[in-house]
Structures are given as C-alpha cells and as structure tokens.
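Chain A is the first sequence line, chain B the second, and so forth, proteins listed ahead of strands; every chain is numbered from 1.
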Number of protein chains: 2
Amino acid sequence: MRQPAGRAERRGGGSRKPREERWAELFAVATEVFYEKGYEGASLQDIADRLGLLKGSLYYYIHSKEDLLFEVMSEVHRQGLANIVELASRPGDPLQRLRNVVVGHVDHMCRNLTGTTVFLHEMAALPEPRQAEILGGEHAYRSVFLDLVQKGKAEGLVRQDIDPKLASLSILGSVNWVYRWFRPGGEFTPKQIGEHFADLILHSLVAEGVQPGEPAAKPKRAKETKN
Amino acid sequence: MRQPAGRAERRGGGSRKPREERWAELFAVATEVFYEKGYEGASLQDIADRLGLLKGSLYYYIHSKEDLLFEVMSEVHRQGLANIVELASRPGDPLQRLRNVVVGHVDHMCRNLTGTTVFLHEMAALPEPRQAEILGGEHAYRSVFLDLVQKGKAEGLVRQDIDPKLASLSILGSVNWVYRWFRPGGEFTPKQIGEHFADLILHSLVAEGVQPGEPAAKPKRAKETKN
DNA sequence: CCTACCGATCGGTAGG
DNA sequence: CCTACCGATCGGTAGG
C-alpha cells in the first residue's frame, strides 16, 4: 500500500482542502502557536509545519504575518466584547448586571484561554493604528464596566466616594488577570472564580444599607424581608 | 578639532568605560529595548547600537541574550519583592498592613514602569526552570497578599465567607493591572490610584461592624469615637 | 572591547 | 497550493 514515492500528498496528512476550511485551520493553528511562542517568537514556518504546508503556501491565505495576528486579535476581541455586551444588556439594576458581566466574562475567558492570552499579551506587537482599530476609540471593553459603575452610582447603589473610572479599572484588572493563573482542572472552576470575584467587587462598591444584588430599595430595612 | 579620521572612539559617544559602569548601562538599555520591542522582538544589535558598541562586544558582558533577560527579570523582581516585604512588615493589623502594601506597591510599579512592564510581559520568554528560579517555589509575591488576607480572616477583620486564595488573586490582579493604563502625568497620580484601590479592596474584604483601617475593635461602636 | 566571520532562519515573492 | 529563490538579519564565536 505504500505510496510509489512521488509527488502529491507529500506533506503531513495534508490533502487539499476547501479554502474556507483551510483558513479556519490556519486561524486556529496560528492562535495556538502565538500562544505557545508569542507573536515575535513564532515563525510562519512553525505554523506551516503544523498544517502540513510549505511556508510560502501560507501566502495564499494571508498577506503578511502581521495581518494574521491582526485577524486573530480582531476575532478574539469581537467575541469577547459581544459576550459582555450581551450580558450587560440583561435586565436588572446596574449592580446585578455587573455581577452577570463579571461571572460571564470570567467564564468566557477561561473557556477561551488560548485566544484570550494571545489577545492580552500580543496587542503591543501590532502598530498602534491597528491596535486602535481593534479596540475602538473609547475602549469598548472598559466602557461596559465604567458604564455600569456610573449608573450604579447615579442610582445610589454605589458609594458616592467612589471614582467610577478607577473602580472600573480595578474591576477589569482583577477579572482580566485570571488568565494568568487559571488552569482547567485546577483548584477552582470558572464559575467559582467568577462568583467569588463578583462578590468581592459588589462588596467593594456597594453603599451602606444596600444589599448587593437586591433591587434599589429605600435606605434601610435590614432583616425583615429575609425570613 | 575634527579627529584625523581614524580608529579609536569610532562609535557613538563611546569612550571605553569601566566594566561595572558599562554593565549598568547595558542593563538599563536592555530593559528599555525589551520594553519597547518585547524580548523576542528586540535584537542584540538594537542594544549594541544604543550603547555605541558592536554586537559581538556585548558578549564581553553577557553569556547569551537569554541570560541578559534573566538578569533584568531577577533584579526587577528582587526590588519589587523587597519593597512589599518591607511594607508588609510595618506595624498594624493585617488590613492596615494590606493597605500599606497596596499603596506602596502601586507607587513602586508606577515609578518603575519600564522594568515592571518587562517583568510582567516577558516572563514566558524564559524557560520554566528559570522562571521558577526567579519567582521562588511558592510565588513570594502572591504569598505576601495571601498571608495578609489569611491573618485578617483569622483575626475576624475579614468576612468569614471569603476565600483567601481567590481574594488575594483578585487583589493582585487589580494592582498589577495598573501598569497597563497608568501614564506619568495622566489623570491620576500613583498615590491617588493606590489609595483608591486600597479603599476598594478593604471594603471588599472587611467584616460587618469592622471599620477598615481601625484596630481590631469589639463588634459595634459606631459614631461615638468620631467627634 | 574590535575584527571578521558562521550557519541558521526570518518574512516574503515570482511564477506557475 | 508547490518550486525555487532572495536579501536581511539573527544569536553567537574565535582570536586577539
């Protein structure tokens, strides 16, 4: 059965594949390789090898190495942003919505560790104009958190001495740091992490007399609703 | 006065310098270049150019590019750790000490933005054994925060439903994220950032009836001490 | 620290 | 997608 030693099918398990399918493969492999070696440390040769293609053949699908990174970054950002925007749009007061966003974002990050890590690590490898193109002028990500804190403050759920900008940056930090230590199968599940972080965050913000997670509520009225 | 065009002093402003002085220069320049281009993106040529030396001459001071990164990382870590260890050792209850550590650590990071950024960005460029050599088996950094939260909980200053591991990772995240957005001369000073973050953190942890920053204190006794 | 050099690899291209 | 190739640059070294 051994092939008569010749051309065609020479590389990997590599049969010729439809363009879209190959692109999807290339995209996935590039994400992996950038994750493992960093953008600068990764070579197109690495990627081609893993696909069973020749390096030059990658240029059938891409224009440059930088473009490939750009595609990966854009897609990761698009998905991540869509996720938190959807979560933030669900019903509830700003603090309840913030809780949902935190829990859902941590979960999403943990389930997309590879892409998330590339996104958070390799942004500086892109020229600044292309960074801005991905992030959007006003850092869409950050804005979601900022907006919720601001609204919470306006409704009196959040302490009046809190600076919404600093608070949202603090929240973003604790949440985005997770990719650095989370490992699947480790001590904590994404859900545990997200819920505990949300709990910490709400406690850090909440005004006295407001129960984190409860609707607006008039100033005091402590134990009576609970049994 | 123009030199008779010849050898000696050929490069940069480069006169021959004592070994220690050159090493300090090399160290500083390497940190800068790694900051600007990332470790993989930086070349020894870049570094040599900025020093006014030939690339090969760098090997008079280093054994390899990797060793150079290792030296930078070790030194940044050493200084940062010394700083928080000193802060954590000052008198006060665990929450007061945590406040000091947060404020002082943010300040230190902001004043050493270049080194801090390299440290937090390029660790993965080192082989794992060398990473472990720098961080220490039990991640000394993280341990300082963990220890304070644990002690705070044991003394009843911190809510009993808090997981010290997750809480300290959350704190570390919000604090270490600062290097990503802080810029000297920007909207906030390091002191403002540190103090606001510390305020958020203490509020996130503190048990009901405990005033963040006060000594242990028996359960209640609210307004009477304050005027 | 310089001179002079090396093998390996890099991203990328022309032409089919 | 492969063949065949390019110029540039990489980290690193021998010898002084």
Side-chain angles (χ1 to χ4, degrees), chain A residues 3 5-27 29-30 33-34 36-72 122 125-127 130, chain B residues 3 5-27 29-30 33-34 36-72 122 125-127 130:
Chain A
Q3 293 284 125
R7 65 187 182 313
E9 199 214 276
R10 294 183 41 248
R11 308 196 54 88
S15 49
R16 206 138 183 159
K17 298 190 181 171
R19 186 161 184 144
E20 266 187 62
E21 192 180 329
R22 260 298 189 226
W23 166 249
E25 263 186 300
L26 169 52
F27 184 93
V29 165
V33 175
F34 290 157
E36 291 170 18
K37 308 192 163 195
Y39 171 72
E40 295 286 357
S43 72
L44 293 176
Q45 190 69 65
D46 294 328
I47 295 172
D49 285 350
R50 212 170 287 195
L51 285 166
L53 300 181
L54 290 178
K55 180 183 61 166
S57 305
L58 296 181
Y59 286 87
Y60 182 63
Y61 301 97
I62 65 174
H63 291 116
S64 69
K65 189 190 178 190
E66 186 191 302
D67 278 1
L68 182 53
L69 176 61
F70 181 80
E71 294 297 332
V72 171
E122 307 301 338
L126 287 174
R130 306 206 82 180
Chain B
Q3 294 283 126
R7 62 185 183 315
E9 198 213 277
R10 293 182 44 247
R11 310 196 53 87
S15 50
R16 206 137 183 160
K17 299 190 182 173
R19 187 162 185 142
E20 265 186 62
E21 192 179 330
R22 263 294 192 228
W23 166 248
E25 262 188 300
L26 169 52
F27 185 92
V29 165
V33 175
F34 290 158
E36 292 170 18
K37 309 194 162 193
Y39 172 70
E40 295 285 356
S43 73
L44 293 176
Q45 188 71 64
D46 294 327
I47 294 171
D49 285 350
R50 213 169 286 193
L51 286 167
L53 299 182
L54 290 178
K55 181 182 62 163
S57 305
L58 297 181
Y59 287 86
Y60 181 63
Y61 302 96
I62 64 174
H63 291 117
S64 69
K65 189 189 177 191
E66 187 191 301
D67 278 0
L68 182 52
L69 176 61
F70 181 80
E71 294 298 333
V72 171
E122 307 301 338
L126 288 175
R130 306 205 83 179

Round to the nearest Å and state the distance from A/Tyr60 atom OH to C/dG15 atom C1'.
15 Å
Expressed in angstrom and rounded to an integer, what is the separation of B/Ile47 atom CD1 from D/dT9 atom P?
17 Å
Can you confirm whether B/Glu71 sits close enough to B/Tyr61 that some side-chain heavy atom of one is under 4.5 Å from a side-chain heavy atom of the other?
no
Whole angstroms only, please: what is the CD-P distance between B/Glu66 and D/dC10?
18 Å
Once rounded to the nearest 0.5 Å, what's the spacing between atom CD1 of A/Ile47 and atom NZ of A/Lys55?
11.5 Å
Separation of B/Asp67 atom CG from D/dT13 atom C1', in whole Å?
16 Å
So B/Ser43, base contact, sugar-phosphate only, or nothing? Heavy-atom distance under 4.0 Å.
sugar-phosphate
Counting side-chain heavy atoms from CB outward, which of D/dC10, C/dG11, C/dC1 is closest to A/Leu44?
C/dG11
What is the distance, rounded to the nearest whole Å, between atom CG of A/Leu54 and atom C1' of C/dC10?
16 Å
Do the side chain of B/Asp46 and the main chain of B/Ser43 share a donor and acceptor less than 3.5 angstrom apart?
yes
For A/Asp49 and C/dG11, what is the distance between atoms CG and C1' respectively, to the nearest whole Å?
15 Å
What nucleotide, of C/dG11, D/dG11, D/dC2, holds the atom closest to the side chain of B/Tyr59?
D/dG11
Side chain of A/Lys55: nearest nucleotide among C/dG11, C/dC1, D/dC2?
C/dG11
Within the structure provided, determine whether B/Leu58 and B/Leu68 are in side-chain contact (heavy-atom separation under 4.5 Å).
no
note: B/Glu40, atom CD; C/dC10, atom C1'; distance rounded to Å ~ 13 Å
Whether the side chain of B/Lys65 and the base of D/dG12 hold a donor-acceptor pair under 3.5 Å is what I'd like checked.
no
Is A/Arg130 close to A/Leu69 at the side-chain level, that is, under 4.5 Å between some pair of heavy atoms?
no
Between P of C/dG12 and CG of A/Asp46, the distance in whole Å:
14 Å
Partner nucleotide, any strand, of D/dG11 [Watson-Crick/G-U, under 3.5 Å]:
C/dC6
Out of D/dC10, C/dC10, C/dC1, which has the shortest distance to the side chain of A/Gln45?
C/dC10
Quick check for you: among C/dG11, D/dC1, D/dG12, whose closest atom lies nearest to any side-chain atom of A/Ser57?
D/dC1
